[in-house]
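A short worksheet on the structure shown next.
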Amino acid sequence: MKLYNTLTRRKEEFVPIEEGKVKMYVCGPTVYNYIHIGNARPYVTFDTVRRYMEYKGYEVTYIQNFTDVDDKIIKKANEENTTMEVISNRYIEECFRDADGLHVKRATHHPRVTEEMDYIIEMISELIEKGHAYEDKGTVYFNTKSFPEYGKLSKKNLDELIAGASDRVAVDDAKKNPTDFVLWKPFKPGEPKWKSPWGEGRPGWHIECSVMAKRYLGPTIDIHAGGEDLVFPHHENEIAQSEACNGVPFAKYWIHNGFITVDNEKMSKSAGNFFTVRDIAAEFPYEVIRFFILNGQYRSPINFSRELMESCQNGLERIKNCKKDLAYYIENCTDTELKENENVDEIEKFRAQFEEAMDDDFNTADAVSTVYELVRFINKNSKDGVSKAYAQKEMDMFKALTTILGIAEDVEVEEDEDTAKIEELIAKRAEAKKNKDFAAADSIREELTAMGITIKDTRQGVQWFRG
RNA sequence: GGCGCCAUCGCCAAGUGGUAAGGCACGGGUCUGCAACACCCUUACCCCCGGUUCAAAUCCGGGUGGCGCCUCCA
């Protein structure tokens with residue numbers, strides 16, 4: 001399995017630190033609003049990486065934080081005349097709803113900054129002791145000049161950064177270097193605050209990830225992931241903090257997802273050209289959003305558009321139809337003995353093709369096309385008279401691949417109070433068709449359509465499903 | 001200004017030296033009472049100009065166009 005490591009700018013063979021185990025940290029969102037589809041990309045991408053690793057037999061410890069202390073959350077709380085806690089709790093909950101909809105599995109832990117304050121203070125203290133940080137009137141800064149490798153992830157030269165920073169970064173006389181960043185800042189009236197050796201205040205943004213990664217995964221982790229805009233300064237600063245403090249490499253592999261754009265421009269909350277996952281989910285099933293994200297290689301930008309979403313929805317539909325048909329065959333075919341041995345061998349080839357794609361830096365676009373090829377193969381080979389055993393083999397392969405991608409998971413018809421009524425209408429329609437009363441048959445079909453039920457007349461009988 | 005990415009069919013997208021996967025949409029057909037589903041068929045001189053090579057979408061040089069980071073941001 002190869003993955004593209006931002007640190008070396010090359011595809012590298014994945015070798016875990018500890019055999020059979022993967023320690024993975026993914027930067028999570030600041031919770032002051034619903035997540036947008038840009039946030040959804042790392043969610044889906046790295047969830048898929050995790051699923052594939054688990055499929056390969058690794059035991060994955062997956063950590064994703066919530067930043068629940070931040071200016072934007074405080075601002076929102078003030079606007080609504082409530083507390084930061086209320087805001088962050090609300091959007092963490094909403095975030096989970098969206099993540100669940102996107103079939104993103106829960107992380108092993110979802111630490112929150114507010115619950116890690118002691119450890120944050122501990123790491124800042126250690127950095128001061130080791131001469132990598134300094135305090136000035138209640139503000140603690142990281143001294144970037146104390147870490148010679150500063151810039152190694154983003155390939156930036158510290159001297160050039162310092163030279164260029166003067167006209168970009170806010171002038172701050174207390175800083176020893178313009179590139180130094182805040183680890184702890186004193187509170188302002190009306191802001192939440194925590195006690196620390198440097199007075200009451202709150203942590204800077206970067207320190208939290210260093211702390212949480214260390215606490216839940218140890219000083220050196222296998223994979224650190226996030227959006228490509230986090231490479232500098234966030235991830236660069238994390239490396240500086242963690243390695244200066246711990247004295248060992250922070251992360252072996254750094255992987256970064258590309259952006260989702262709108263009209264080919266970066267989508268962001270600050271630019272205002274963003275769509276929340278919730279908004280899109282009102283128009284398309286959540287699963288289509290996931291499929292849309294998987295449609296491209298994770299490092300390439302993808303341009304969000306309604307046209308593309310529709311295209312993805314249609315394609316996903318085809319994949320899901322295949323599963324519905326398969327489920328139907330398994331349920332109804334009478335021949336139990338396996339007799340399609342040569343096809344079973346053919347089916348195994350799709351697994352190999354799929355793995356080859358995923359092993360090459362998680363090429364989900366190629367993996368998806370393998371699923372399409374599998375679908376066509378299944379559709380061609382599960383006509384009349386297939387054996388139940390064979391249909392089950394097809395289903396097993398279908399599920400193996402789609403489960404890794406996290407798609408087509410819930411197509412089974414759920415029994416509910418409407419089921420009996422639907423069956424009754426279908427029976428009535430069959431009766432009408434038998435009597436060549438097509439007008440009546442069509443009107444029943446329209447009635448079912450109005451209920452959100454689609455029916456298909458197959459040689460084996462009538463199939464129906466929701467949606 | 002510094003660093004970096006991208007350009008393949010109407011749309012999306014694989015392919016990184018051996019003669020263009022796959023999906024959506026479009027057109028034609030089979031099946032069907034009709035429809036839906038499904039299947040079959042059809043659709044590309046790989047942004048431009050040079051170069052290397054027996055061979056280049058793929059490597060090198062030069063253009064053109066687009067984008068990102070350097071500031072909170074997935």
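Chain naming here is simple, since letters A, B, ... match the order of the sequence lines and numbering starts at 1 in each.
The side chain of A:Asn314 places an N or O atom within less than 4.0 Å of a non-bridging phosphate oxygen (OP1 or OP2) of B:A25. Note on A:Lys155: every side-chain N or O is 4.0 Å or more away from OP1 and OP2 of B:C69. Residue A:Arg376 places at least one side-chain N or O under 4.0 Å from the OP1 or OP2 atom of B:G23.
Between A:Phe66 and A:Tyr91, the distance from one ring center to the other does not fall under 6.0 angstrom. Close placement of the A:His110 and A:Phe96 rings is indicated, their centers lying within 6.0 Å of each other. For A:Phe147 and A:Tyr150, the gap between ring centers reaches or exceeds 6.0 Å. You'll find the ring centres of A:Phe181 and A:His206 inside the 6.0 Å limit.
For the pair A:Lys75 and A:Tyr32, the NZ or CZ position fails the cation-pi test of under 6.0 Å to the six-membered ring centre and within 45 degrees of the ring normal. The cationic atom of A:Arg41 (NZ for Lys, CZ for Arg) does not lie both less than 6.0 Å from the six-membered ring centre of A:Phe259 and within 45° of the ring axis.
Using a 4.0 Å heavy-atom distance criterion, A:Gly226 is classed as a sugar-phosphate-only contact. In this structure, A:Ile455 reaches the bases: a heavy-atom distance under 4.0 Å links it to at least one base atom across the strands shown. Within 4.0 Å of A:His256, counting heavy atoms only, lies no atom of the nucleic acid at all. Among the heavy atoms of the strands lying under 4.0 Å from A:Asn257 is at least one base atom, whether or not backbone atoms are also near. At the heavy-atom level, A:Lys380 lies under 4.0 Å from the strands shown only through sugar-phosphate atoms. Across all strands shown, A:Phe259 has heavy atoms under 4.0 Å from base atoms, whether or not it also approaches the sugar-phosphate. Residue-level contact check: A:Glu310 touches neither bases nor backbone, having no heavy atom under 4.0 Å from any strand.
Atom CD1 in A:Ile260 sits roughly 18 Å away from atom P in B:C73 (whole-Å rounding). The nearest whole Å value for the distance from the CD atom in A:Glu160 to the P atom in B:C70 is 16 Å. The distance from atom CZ of A:Phe275 to atom P of B:A74 is 18 Å, rounded to the nearest whole Å. The distance from atom NE2 of A:His234 to atom P of B:C73 is 7 Å, rounded to the nearest whole Å. Atom CZ in A:Arg9 sits roughly 12 Å away from atom C1' in B:G68 (whole-Å rounding). Distance A:Asn379 CG to B:G23 C1': 14 Å, rounded to the nearest Å. Here B:U71 presents its C1' atom at 11 Å from NZ of A:Lys72, a figure rounded to the nearest Å. Atom-to-atom, CD1 of A:Ile73 to P of B:C73 comes out at 12 Å; the value is rounded to the nearest Å.
With distances taken from any side-chain atom of A:Arg318 to the nucleotides B:G4, B:A38, B:G22, the minimum falls on B:A38. Residue A:Thr454 has its side chain nearest to B:A36 when only B:G33, B:A36, B:G23 are considered. The side chain of A:Ala441 approaches B:G33 more closely than any other nucleotide in the set B:C70, B:A38, B:G33. The side chain of A:Lys266 approaches B:C69 more closely than any other nucleotide in the set B:C39, B:G22, B:C69.
Of the C1' atoms belonging to B:U16 and B:C6, the separation is 15 Å, rounded to the nearest Å. The same atom, C1', is picked in B:G33 and in B:U19; the two are 50 Å apart, to the nearest Å. Look at the P atom in both B:A14 and B:G50: the space between them is 29 Å, to the nearest Å. When the P atom is used for both B:G22 and B:C40, the distance is 11 Å, rounded to whole Å. Taking the C1' atom of each, B:C9 and B:G15 are spaced 15 Å apart, rounded to whole Å. When the C1' atom is used for both B:G65 and B:U8, the distance is 16 Å, rounded to whole Å. B:A21 and B:A44 are spaced 11 Å apart, taking the P atom of each and rounding to whole Å. Using atom C1' as the reference point in both B:C54 and B:C49, the two lie 23 Å apart (nearest Å).
Taking for each of A:Val375 and A:Thr30 the nucleotide of RNA chain B with the nearest heavy atom, the 5'-most of the two is the partner of A:Val375. In terms of position on RNA chain B, the residue among A:Thr261 and A:Gly28 whose nearest nucleotide sits closer to the 5' end is A:Thr261.
For the segment residues 429-438 of chain A, the set of residues with a heavy atom within less than 4.0 Å of an atom of RNA chain B comprises A:Arg429, A:Lys433, A:Phe438, in numerical order.
Partner assigned to B:G50 is B:C60, using Watson-Crick or G-U wobble distances below 3.5 angstrom. In this structure B:C5 sits in a base pair with B:G66, meeting the Watson-Crick or G-U test at under 3.5 Å. Pairing of B:C39, defined by two Watson-Crick or G-U wobble distances under 3.5 Å, is identified with B:G29.
Judged by distance alone, the side chains of A:Asn65 and A:Tyr25 do bring a donor and an acceptor atom under 3.5 Å apart. No side-chain N or O of A:Ser210 forms a donor-acceptor pair with one of A:Glu238 less than 3.5 Å apart.
A donor-acceptor contact under 3.5 Å is formed by the side chain of A:Asp442 with the base of B:G33. Between the side chain of A:Asp70 and the base of B:C73, no donor-acceptor pair of N or O atoms lies under 3.5 Å. In terms of polar N and O atoms assigned as donor or acceptor, the side chain of A:Arg445 comes within less than 3.5 Å of the base of B:A35 in a complementary pairing.
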Tabulated below should be each protein N or O lying under 3.5 Å from an N or O of nucleotides 12-19 of chain B; please produce it.
residue : atom : partner  : partner atom : Å
B:C12   : O2'  : A:Asn295 : OD1          : 2.7
B:A14   : OP1  : A:Gln297 : N            : 3.3
B:A14   : O3'  : A:Asn363 : ND2          : 2.9
B:A14   : O2'  : A:Asp366 : OD1          : 2.7
B:A14   : O2'  : A:Asp366 : OD2          : 2.7
B:G15   : OP1  : A:Asn363 : ND2          : 2.9

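Aromatic ring orientation, A:His36 versus A:Phe274: tilted (interplanar angle from 30° to 60°).
Environment of NZ in A:Lys428: sparse, with no more than 12 heavy atoms of neighbouring residues, nucleotides or ligands closer than 6.0 Å.
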Check step by step if side-chain contact (heavy atoms from CB on, under 4.5 Å) holds for A:Tyr372 and A:Ile319. CA-CA 7 Å; A:Tyr372 277 121; A:Ile319 291 168; 3.8 Å; yes
Checking A:Lys399 against A:Glu409 for the side-chain contact (heavy atoms from CB on, under 4.5 Å) test, could you report, in this order, the C-alpha distance in whole Å, the side-chain angles of both residues, the deciding distance, and whether it holds? CA-CA 8 Å; A:Lys399 280 188 177 171; A:Glu409 287 180 339; over 6 Å; no
For A:Tyr298 and A:Asn363: C-alpha separation, side-chain torsions, deciding distance, then whether side-chain contact (heavy atoms from CB on, under 4.5 Å) applies. CA-CA 8 Å; A:Tyr298 75 91; A:Asn363 193 337; over 6 Å; no
